[in-house]
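Working notes, structure below.
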Amino acid sequence: MNYRKDRYGNDISILGYGCMRFTQSAGRIQKEKAEKEILAAYRAGVNYYDTAYVYPGSEKVLGEILAKNQIRENVSIATKLPHYLIKNEGSMDKYFDEQLSRLQTDYIDYYLMHMLTDVKTWERLKELGILAWLQKKKESGAIRQIGFSYHGNSDMFCQLVDAYDWDFCQIQYNYMDEHSQAGRTGLHYAHKKGLPVIIMEPLRGGRLVNRLPESAYKIMEEYPVQHMPAQWAFRWLWNQPEVTCVLSGMNSMEMIEENTAAASTASVGELGEEEEKMLSQVVDEINARIRVGCTGCRYCMPCPQNVDIPGTFAAYNRRFSEGWFSAEKEYLMCTALRSTSSAASNCIGCGKCEQHCPQHIEIRKELDRARKKLEGPAYKLARKIVKWFRAY
């Protein structure tokens, strides 16, 4: 297993175990199966295990497995504060103490603000006393390092990086999201600020493995160097020194064996210009299904009405390349989960964005099409629920 350093010089395996996707049966995690898989990953050198308060059963099962096998002290646990449920400092303690109990530990190695959406949300947490609370936990050793996970655009991500003296961060990043979400811009910005970057969704929920166009599979099959689709995606990430650890929701021995083997041989600089060119061709084949030729350059931003134009187009394109659910999830995270909506329906048609678009996209027209596809009944209901949670 290869390792990279965190902010304080500790080794983190470049492959992390994402504990959200343990195999379930009848709504319950198959604990014996999860135990075998975690121990296999542990023996192969994986030392970073990521979970969250809201992953059903995940913290409890992880805690039981680590305690039973007496390996808690040999690994790092990353879990997340559900800040969207926080109403006061007392509720911070309530959730944190419950997490310690579930995980059968008295400290958390890497503690994240879960899905921190924008600076305004962080300011709200500061008003509730989060800074003093985090400082107290860190001084007591109950929390070793503090970070945040993020879904959204690179501009807001960079603002959040600057909003606090974080120890690390976690972003969605893969060869399809190179210029969307936080993207390469956010990755490099965080690295420049000295933050280790943990990567989630390296395979876009398996879509870069199981749902590639046949033409994309063919490009990989005909390339002189042979890797499985998942390994190309992982190696593309590990090729970048700014990437510290890549999470994988492994739920089979085959996945664990393949991924740990790759993590033991991958290195920075392994992929050269030819490999990058090949993966660009794969991206082109995937993008052949898209509706809007947005490159995510962000010259159209900021929008006076706070519309996340690149984020909207990324979700809209995903609607046709990956399906309804994936697009709705992306769009909800990038627009409705923020304290101030950045939905396409905010557009008033001023046209300022179109003056700066290098691709000469008819942005207003395309935003309206995206709105009609993405802001259906499911989205509107989810937005109401989000508003209710915020007001509760």
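Values below: all heavy atoms of this structure, side chains included; hydrogens, waters and symmetry mates excluded.
- The aromatic rings of Phe157 and Phe148 are tilted relative to each other, their planes meeting at an angle between 30° and 60°.
- Remark: Lys94 engages no residue in a side chain to side chain donor-acceptor pair (under 3.5 Å) (not counting sequence neighbours).
- The only member of Lys372, Arg371, Gln305, Glu375 that meets side-chain hydrogen bond (donor to acceptor under 3.5 Å, both in side chains) when paired with Ser345 is Glu375.
- Checking side-chain atoms of Asp118 against main-chain N and O of Met156 turns up no donor-acceptor pair under 3.5 Å.
- The 12-atom threshold is exceeded at CD of Gln226, counting heavy atoms of other residues, nucleotides or ligands nearer than 6.0 Å.
- The OG1 atom of Thr105 sits 6.5 Å away from atom CD of Glu73, with the distance rounded to the nearest 0.5 Å.
- Every residue two or more places apart in sequence or in another chain that forms a salt bridge (charged side-chain N to carboxylate O under 4.0 Å, His left out) with Arg7 is listed here: Asp165, Asp167.
- Within the model, atoms OH of Tyr379 and OG1 of Thr335 stand 3.0 Å from one another, a figure rounded to the nearest 0.5 Å.
- Here the side chain of Asp6 pairs a donor or acceptor atom with the backbone of Asn10 at under 3.5 angstrom.
- Atom OH of Tyr49 and atom OH of Tyr110 lie 13.5 Å apart (nearest 0.5 Å).
- The shortest distance between side-chain heavy atoms of Ile38 and Val46 does not fall below 4.5 Å.
- Aromatic ring orientation, Trp133 versus Phe96: perpendicular (interplanar angle above 60°, classes split at 30° and 60°).
- The line from CZ of Arg102 to NZ of Lys60 is 10.0 Å long, rounded to the nearest 0.5 Å.
- With a 4.5 Å cut-off on side-chain heavy atoms, Cys19 and Tyr55 do not count as touching.
- With sequence neighbours excluded, the residues satisfying side chain to side chain contact (heavy atoms under 4.5 Å, CB included) with Ser252 are Glu254, Met255.
- Other members of the cluster containing Phe325 are Trp324, with ILVMFWY side chains joined at under 4.5 Å, either directly or via other members.
- Salt bridge status for Asp93 with Lys137: present, with a side-chain N to carboxylate O gap under 4.0 Å.
- Under a 3.5 Å cut-off, the side chain of Thr312 and the backbone N or O of Asp308 do form a donor-acceptor pair.
- Using a distance-only test at 3.5 Å, with no hydrogens or angles considered, a donor-acceptor pair links the side chain of Thr260 to the main chain of Ile256.
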Exercise. Any chance you could lay out the side chain to side chain donor-acceptor pair (under 3.5 Å) test for Thr340 and Lys120, step after step, and finish with the verdict?
Key: CA-CA 8 Å; Thr340 301; Lys120 186 177 288 188; 3.0 Å; yes
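- Contact between Leu195 and Trp166 at its shortest, heavy atoms only, is CD2-O, 3.0 Å.
- A distance of 12.5 Å separates NE2 of His83 from OG of Ser91, quoted to the nearest 0.5 Å.
- The aromatic rings of Tyr316 and Phe320 sit perpendicular to each other, their planes meeting at more than 60°, with 30° as the lower class boundary.
- Between Leu208 and Phe234 there is no side-chain heavy-atom pair separated by less than 4.5 Å.
- The pair Glu274-Lys277 does not count as a salt bridge, with every side-chain nitrogen at least 4.0 angstrom from each carboxylate oxygen.
- Panel note: side chain Tyr331, backbone Ala336; no donor-acceptor pair is recorded below 3.5 Å.
- One finds a salt bridge joining Lys136 and Glu89 here, because a Lys/Arg side-chain nitrogen approaches an Asp/Glu carboxylate oxygen to under 4.0 Å.
- Applying the side chain to side chain contact (heavy atoms under 4.5 Å, CB included) test to Lys31 and every residue at least two apart in sequence or in another chain returns Val61, Glu64.
- Formation of a donor-acceptor pair under 3.5 Å by the Asp109 side chain with backbone atoms of Ala78 is not found in this model.
- Without hydrogens or angle criteria, Asn306 side chain to Ser341 main chain gives a donor-acceptor distance under 3.5 Å.
- Arg144 forms a cation-pi arrangement with Tyr107, by the criterion of a distance under 6.0 Å to the ring centre and an angle within 45° of the ring axis.
- A donor-acceptor contact shorter than 3.5 Å is absent between the side chain of Lys33 and the backbone of Phe22.
- Judged by distance alone, with hydrogens and angles left aside, the side-chain atoms of Glu285 form no donor-acceptor pair with the main-chain N or O of Ser215 at under 3.5 Å.
- Between Trp232 and Tyr223, the angle of the ring planes goes over 60°, which puts this pair in the perpendicular group of the 30/60° scheme.
- Between Glu123 and Lys126 there is a salt bridge, since a side-chain N of the basic residue sits under 4.0 Å from a carboxylate O of the acidic one.
- When ring centroids are compared, Tyr48 and Tyr17 stay outside the 6.0 Å threshold.
- Here OG of Ser342 is found 10.5 Å from CD1 of Ile309. Values are rounded to the nearest 0.5 Å.
- Between the Arg4 side chain and the Ile14 main chain, no donor and acceptor come within less than 3.5 Å of each other.
- Not counting sequence neighbours, Tyr42 has no partner by the ring-ring contact (aromatic ring centres under 6.0 Å, His included) test.
- Lys5 has its side chain out of reach of Pro196: every pair of non-hydrogen atoms, C-beta onward, lies at least 4.5 Å apart.
- The two residues Lys80 and Thr51 come nearest to each other via the heavy atoms NZ-O, 2.6 Å.
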Quiz item: Checking side chain to side chain donor-acceptor pair (under 3.5 Å) for the pair Tyr173/Glu178: CA distance, chi angles, key distance, verdict?
Solution: CA-CA 6 Å; Tyr173 185 58; Glu178 183 178 4; 5.0 Å; no
